[in-house]
Amino acid sequence: MSSIQAIRGTRDILPDEVGYWQQIEAIARKIFATAVYQEIRTPIFEQTALFERGMGEATDVVSKEMYTFTDRGDRAITLRPEGTAGVVRSFVEHGMQAQGGVQRLWYLGSMFRYERPQAGRQRQFHQLGVEVLGSADFRADAEAIALATTILQALGLKNLRIELNSIGNGDDRQKYRAALVNYLTPHQADLDSDSQDRLTRNPLRILDSKNSGTQKILKDAPSILDYLSPDSQQRFDRLQQLLGDLGIVCNINDRLVRGLDYYTHTVFEIQSDDLGSQATVCAGGRYDGLVAELGGPDTPGIGWAMGLERLVILLQQIQPAHPDPVDFYIVSKGEKAETQALVLAQILRRSGFRTELDLSGSAFGKQFKRGDRSGAIACLVLGDAESESQTAQLKWLKSGEQSTIEQANLPSMIEDLRTQISRLRNDG
RNA sequence: GCGAGCGUAGCCAAGUGGUUAAGGCAGUGGUUUGUGGUACCACCAUCCGUGGGUUCGAGUCCCAUCGUUCGCCCCA
C-alpha cells in the first residue's frame, strides 16, 4: 500500500467519536467558568531549553521522549510534551504576577511525546489542565483537586481513585532520600535493574516500580511521611482535613512520587481500573520552585492535567455513541423541485431544525430509505407536481401520515412543527 | 528503547500449501420508472499491509520492513 497514512502514534478523531470530545470540552468550559478560571492558549512548540529546565534534564520525558528539531534559523525547538512549562513561561513573560492576586488558568491542547504507542497513549495526545499561580495556601491545592473531581463527576465517571501524597519541601526530600538510599543499598542486588540504576540517579522513583520483587523490598522501606518537617506535616494534615470537608475521598499513598522534578508538597493522581496499564487519568501537584527556576519571581503554584484520550476511553465504556439526530429529511426530484427544496431547507435550518437534504437525485424510494436511516422525524417531499403547485408533502415517518402544505406557509408553521418534533422525539 | 501477539474489501470475518479467496454488515442497482422501515434478486477483493525468499504451487511456511495491539520503561 503506497497511500499515505497517519504518522505512527497519531490518530484521526472521526465523527462518530468526536461527540465525546465535544462533551468533555463543553463540561470543562462550563465548570472552569463557574470557578472563574481563565483559558490560556500557548504555542505548541517552544525553545527546547524551557522543557529541559522546567521538567528536569534527567527525567525520562526530557532525556528520551521529546520531539526536538532544529528549525531553519538553527533554533532548538521542541513540541511541547506537557502544558505547565509553557503556561509558566507565559506567566513570566507577560509579568502576570504584576496583576496581583492569584492567577487561575486552564488550557486544552495537543502534547507530544516520542513513546511507544499503547492503549491510552499516543505520540500526539491531548491534555486538559489547570495552573494556579501565586498562592502557597493549601486551600489552593484543595480547590484545584476539587475542580478535577467536579469535572470527572460531571462526566459521569465513577470508580475513580484519588491517590494523595506529600513529598514535602526540598529539605524534607533530601533527608528522606538519604534514608531511602540507606535502606535500599543493602538490598541493591535484589532490585530490578531499572531500580538499581535509579538508586544513584533518582531513588524516589524506585517507589513506584511495578516489579514485584522490588515492591517486596519496599514494603519495609521508610515512608516520606515520617520525614516531613512540622510545617510540611501541618500543611498536609490541613489539606486532608479540607478535602474531607468537601466530601472528597482520598487514598493516602506514601509511595506516590511523580516523574517530573518540579513537584513539592502535594502530589496526586486520579486513577481508573478500566484503562489497562495506563491507569492515570489525571495527575498533578504543587510546584513552588518552578516559576523561579524559569527566571520569574518566586511564585508558588499548583496544577494538574487530564489525558483526554483516556477520558474518552472511559466515556465510551459508560455511554453509547449517539449520532446527532436529524429532524427533517428532504426528498426531491426534478430540477425545479430540487432548487425549491434547498429554499425550504434554509427556512427550516434558520429556525434551528436539523435538516438534511438528499442530493442524490435518485428514485423517491431510495431517498426515503436514506431518510429513514438518518433517523429523521419527518420528510418533506417535492416532486414535479409539488413544484408546479408551490406545495410540498409533509410526511411523518413514524406514523406514515402525510399532508400537503403550501411552501409559502412553512414559516408560519415553525412553532407548530417544533412542538410536534419534540413530542415525537421524546416518545422515542 | 525492550518483549510478545496480530495485519484478508469501508467495517466484522472464514480460510492452517493445491484449481475461480466463504459469510455477514454497510453500499449500489432492481423486484416497487412518485413514497421508507420487512422480504427477495443482482453487483461489490485479478487479490490477502509491503518487499524479498522457500516450493512444481503460498493468504497459508521463512526473513525483512511498515503498521497495529498488549505489556515493560515512562507517563496524562
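The sequence lines fix the lettering, A, B, ..., with proteins before strands; numbering per chain opens at 1.
Nucleotide B:U55: unpaired (no Watson-Crick or G-U wobble partner with both distances less than 3.5 Å). For B:A39, the paired base is B:U31 (Watson-Crick or G-U wobble, both distances below 3.5 Å). Under the Watson-Crick and G-U wobble criteria, each requiring two contacts below 3.5 Å, nucleotide B:C6 is paired to B:G67. The pairing partner recorded for B:G1 is B:C72, the criterion being a Watson-Crick or G-U wobble arrangement whose two distances lie under 3.5 angstrom. Pair assignment for B:A26: none, as no Watson-Crick or G-U wobble contacts are both less than 3.5 Å. If you check B:A45 for Watson-Crick or wobble pairing at under 3.5 angstrom, you find it has no partner at all.
For A:E386, the side-chain atoms get nearest to B:G34 when compared with the rest of B:G37, B:C75, B:G34. In the set B:U35, B:C72, B:G67, the nucleotide with an atom closest to the side chain of A:Q118 is B:C72. Picking from B:A76, B:G67, B:C73 the nucleotide with the shortest atom distance to the side chain of A:F125 gives B:A76. Comparing atom distances between the A:Y114 side chain and each of B:G67, B:C70, B:G1 picks out B:G1 as nearest. Distance from the side chain of A:K210 is smallest for B:C72 among the nucleotides B:G37, B:A26, B:C72. You'll find that the side chain of A:Q127 is closest to B:A76, out of B:C73, B:A76, B:U68.
The cationic group of A:R80 does not satisfy the cation-pi geometry with A:F51, failing either the under 6.0 Å distance to the six-membered ring centre or the 45° limit from the ring axis. With a 6.0 Å cutoff to the six-membered ring centre and a 45° limit on the axis angle, A:R286 does not count as a cation-pi contact of A:Y263.
Residue A:K395 places a side-chain atom within donor-acceptor reach of the base of B:G36, judged by atom type and a 3.5 Å distance cut-off alone. Looking at A:Q402, its side chain comes within 3.5 Å of the base of B:U35 through a donor and an acceptor atom. A donor-acceptor contact under 3.5 Å is formed by the side chain of A:R310 with the base of B:C75.
The gap from the P atom of B:U32 to that of B:U68 amounts to 50 Å, rounded to the nearest Å. Spacing of P atoms, B:G7 relative to B:C48, comes out at 14 Å, to the nearest Å. B:U60 and B:G15 have their P atoms separated by 15 Å, with the value rounded to a whole Å. Comparing the P positions of B:U50 and B:G10 gives an interatomic distance of 13 Å, to the nearest angstrom. Distance noted for atom C1' between B:A58 and B:A21: 13 Å (whole Å). Only the C1' atoms considered, B:G52 is 14 Å distant from B:C66, to the nearest whole Å. The same atom, P, is picked in B:G5 and in B:G24; the two are 33 Å apart, to the nearest Å. Here, B:C40 and B:G23 have their P atoms 15 Å apart, quoted to the whole Å.
Salt-bridge check for A:E356 with A:R370: failed, with every basic side-chain N at 4.0 Å or more from each acidic carboxylate O. A salt bridge between A:E338 and A:K333 is absent, with no side-chain N of the basic residue lying under 4.0 Å from a carboxylate O of the acidic one. Taking a cutoff of 4.0 Å between a charged side-chain nitrogen and a carboxylate oxygen, A:K336 and A:E388 qualify as a salt bridge.
Ring-plane geometry between A:F328 and A:W396 is classed as tilted, the angle between the planes lying from 30 to 60 degrees on a 0 to 90 degree scale.
Using a 4.0 Å heavy-atom distance criterion, A:A363 is classed as making no nucleic acid contact. A:Q278 comes within contact range of at least one nucleobase, with a heavy-atom separation under 4.0 Å.
Summarising the geometry, the separation between CD1 on A:I313 and P on B:U69 is reported as 10 Å, rounded to the nearest angstrom. Here B:C75 presents its C1' atom at 6 Å from CD of A:E115, a figure rounded to the nearest Å. As rounded to whole Å, 11 Å separates atom C1' of B:C40 from atom NZ of A:K369. We find that CD of A:E309 is positioned 13 Å from P of B:A76, with the value rounded to whole Å. Between A:I206 atom CD1 and B:C73 atom C1' there is a gap of 14 Å when expressed in whole angstrom units.
Of the side-chain N and O atoms in A:R116, none sit less than 4.0 angstrom from OP1 or OP2 of B:C70. Residue A:R370 places at least one side-chain N or O closer than 4.0 Å to OP1 or OP2 of B:U28. The phosphate of B:G36 (OP1 or OP2) has no side-chain N or O of A:K366 nearer than 4.0 angstrom. One finds no side-chain N or O of A:R121 lying less than 4.0 angstrom from the OP1 or OP2 phosphate oxygen of B:U68.
When all heavy atoms are compared, the tightest approach of A:Q367 to A:I330 is OE1-O, 4.3 Å.
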For this session: Might you work through the salt bridge (charged side-chain N to carboxylate O under 4.0 Å, His left out) test for A:D358 and A:K366, ending with a clear yes or no?
Result: CA-CA 10 Å; A:D358 193 307; A:K366 295 297 171 191; over 6 Å; no
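Stacking between A:F368 and B:U35 is present: the aromatic ring centre lies within less than 5.5 angstrom of the base six-membered ring centre, and the two planes differ by under 30 degrees.
If you find the closest nucleotide of RNA chain B to A:R113 and to A:D372, the one lying nearer the 5' end belongs to A:D372. Residue-to-nucleotide proximity on RNA chain B shows that, of A:Q393 and A:P117, the 5′-proximal contact is made by A:Q393.
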